[in-house]
There are 2 protein chains.
Amino acid sequence: MMQETKMSTGWAMNIGEAAQASGVSAKMIRYYESISLIPPATRSDAGYRHYIASEVHTLRFIRRARDLGFSIESITRLLALWRDRARNSAEVKQVALDHVAELKHKIIELQQMVRTLEHLAHHCHGDDRPECPIIDELAASVEASPAATRSRKERKLAPLTEWRIAS
Amino acid sequence: MMQETKMSTGWAMNIGEAAQASGVSAKMIRYYESISLIPPATRSDAGYRHYIASEVHTLRFIRRARDLGFSIESITRLLALWRDRARNSAEVKQVALDHVAELKHKIIELQQMVRTLEHLAHHCHGDDRPECPIIDELAASVEASPAATRSRKERKLAPLTEWRIAS
DNA sequence: CTTGACCTTCCTATCGTGGGAAGCTCCACA
DNA sequence: TGTGGAGCTTCCCACGATAGGAAGGTCAAG
C-alpha cells in the first residue's frame with residue numbers, strides 16, 4: 001500500500017529493523033503478509049522486504065491491537081476503519097465493545113474456576129494425608145448431571161442401564 | 001488399566017456410550033488415548049473400543065478437570081495422584097493452587113484490556129463522525145515505548161535514525 | 001575475500017478441539 | 001436372509017497466533 005509515498009520518500013527499513021521499530025517480530029510480519037492482513041511488502045533486487053515509516057506505523061497499530069486482545073479478524077476491520085477517513089466512530093466503538101463483551105465473558109468463566117478451586121483448596125488440609133476434597137470433587141460420581149452432556153449433539157442412544165455385555 | 005476389574009464385571013460401553021456417559025466426545029476420548037492420558041482401551045473382535053464403568057469414571061474426572069481449566073499436563077498429574085492411595089493432599093493442593101495462580105494472572109491481563117478499552121470507548125462518541133479515540137490510541141505514534149520491544153531478543157542493531165536508503 | 005549477521009522460503013510444533021472421508025461392523029426390521 | 005443406517009475404525013486437515021529451525025542467498029565490515 002501507499003506505493004507512491006514509498007517512492008516519494010525513498011526510505012526503507014528491512015524486516016528486522018521494521019520488527020524492532022514496530023514491536024512485531026519478523027516472523028509475524030511475514031505471517032501477517034501471508035494471511036493478507038498487510039499487503040505484500042516491496043522487495044529489493046535481492047528479494048529483501050522493505051518497509052517505510054507508514055508501514056511500520058501499521059505494524060505498530062496491529063501490535064497495539066493484539067496487546068488489547070483483538071483477534072486478527074477484528075484487526076482487519078479496525079485497519080479498514082483506520083484507513084477510512086469517512087468512517088463512523090460508531091463502527092469502531094462497536095468492534096471495541098463487542099470485544100469487551102467477549103473479554104468479560106472469559107473473565108467470568110475464569111473467575112468461576114478460581115472460585116471453585118479456591119473453595120476446594122480451602123477445605124484441603126494440604127499435608128501428608130491422602131484425603132483431599134479437590135480430588136474428591138473431580139472424582140465425584142454423578143447421579144444426574146445435565147452439565148456433563150451439555151455440549152454434545154443429540155443422538156439416538158440406549159439408556160445408560162442398557163450397556164451391552166462384552167465378549 | 002484395571003484389566004481385572006473389567007474381566008470381573010464383563011460390562012462394557014462402546015465409545016459413543018462412554019462419551020455420552022462421561023461428557024467427553026468420542027473424538028477426544030480417542031485423542032486422550034493417543035497422547036497416553038488414558039491407557040489404550042480394550043477392543044472387541046471387530047476392533048471397537050470398550051469401556052467399563054471405572055474407565056468412564058476416569059473420563060468424567062478428566063472432563064471436570066478440563067471444565068476447571070486444567071491443562072492436559074496438570075490432569076496427568078491429578079490422575080496419578082487420584083490413583084495413588086498414598087498421595088499427599090499437599091501435592092494435589094499445590095497443583096490446584098498453581099493453576100489458580102495462572103488463572104488469576106490471565107484474569108488480571110484481561111481486566112487490564114477491558115479497563116483500557118472501556119476507557120477509550122467511553123470517550124468515543126460512537127456516532128457518524130470519524131473522530132475516534134479508540135483508533136487514535138491504536139494509531140498513536142510512539143515517542144519512546146519500551147513496551148513495544150519488550151518481548152524480543154536482543155540483537156545488534158542500527159540506531160533507528162540510520163535507515164538505509166532504498167534502491 | 002572472508003566472516004557472520006541478516007535475509008529468504010519451507011516445514012514443524014504448540015494445544016485442544018472439530019470436521020470429514022473411506023471403509024468396516026452391528027443391529028433392527030422387512 | 002438381505003438391507004439400510006447408525007455407529008465404529010483410521011487418517012488427514014483445520015483452527016489461531018506464535019516460535020523454532022534448516023538450507024541457502026545477501027550484505028557489509030574488516
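As the structure is a prediction and not an experimental result, all values here were calculated from the model. Quick note on labels: first sequence line is chain A, next is B, and so on, each numbered from 1.
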Counting only side-chain N and O atoms of B:Arg43, is one of them less than 4.0 Å from OP1 or OP2 of D:dT10? yes
Salt-bridge test for B:Arg77 and B:Glu73: reply yes if a basic N is under 4.0 Å from a carboxylate O, no otherwise. yes
Can you list everything that forms a side-chain hydrogen bond (donor to acceptor under 3.5 Å, both in side chains) with B:Glu131? Sequence neighbours excluded, please. none
Would you kindly compare B:Ser71 and B:Asp45 by the position of their nearest DNA chain C nucleotide and give the one closer to the 5′ end? B:Ser71
Take the protein atom CD of B:Glu17 and the nucleotide atom P of D:dA6, then report the distance between them rounded to whole Å. 16 Å
Distance check: side-chain N/O of B:Arg49 vs OP1/OP2 of D:dT9, anything under 4.0 Å? yes
Please confirm whether the shortest side-chain N or O distance from A:Ser25 to OP1 or OP2 of D:dA19 is below 4.0 Å. yes
When rounded to whole Å, the CZ to P distance for the pair B:Arg66 and C:dC15 reads 11 Å
Provide, to the nearest angstrom, the distance between the NE2 atom belonging to A:His99 and the P atom belonging to D:dG16. 15 Å
Give the rounded distance in Å between these two atoms: NE2 of A:His50 and C1' of C:dT8. 13 Å
Per the under-4.0 Å heavy-atom filter, residues of residues 27-35 of chain B near DNA chain C come out as B:Lys27, B:Met28, B:Tyr31, B:Tyr32
Please write out the pairs of protein N or O atoms and N or O atoms of nucleotides 22-25 of chain C separated by less than 3.5 Å, giving the distance to one decimal.
residue, atom, partner, partner atom, Å
C:dT25, O4', B:Tyr48, OH, 3.3
C:dT25, O2, B:Tyr48, OH, 3.3

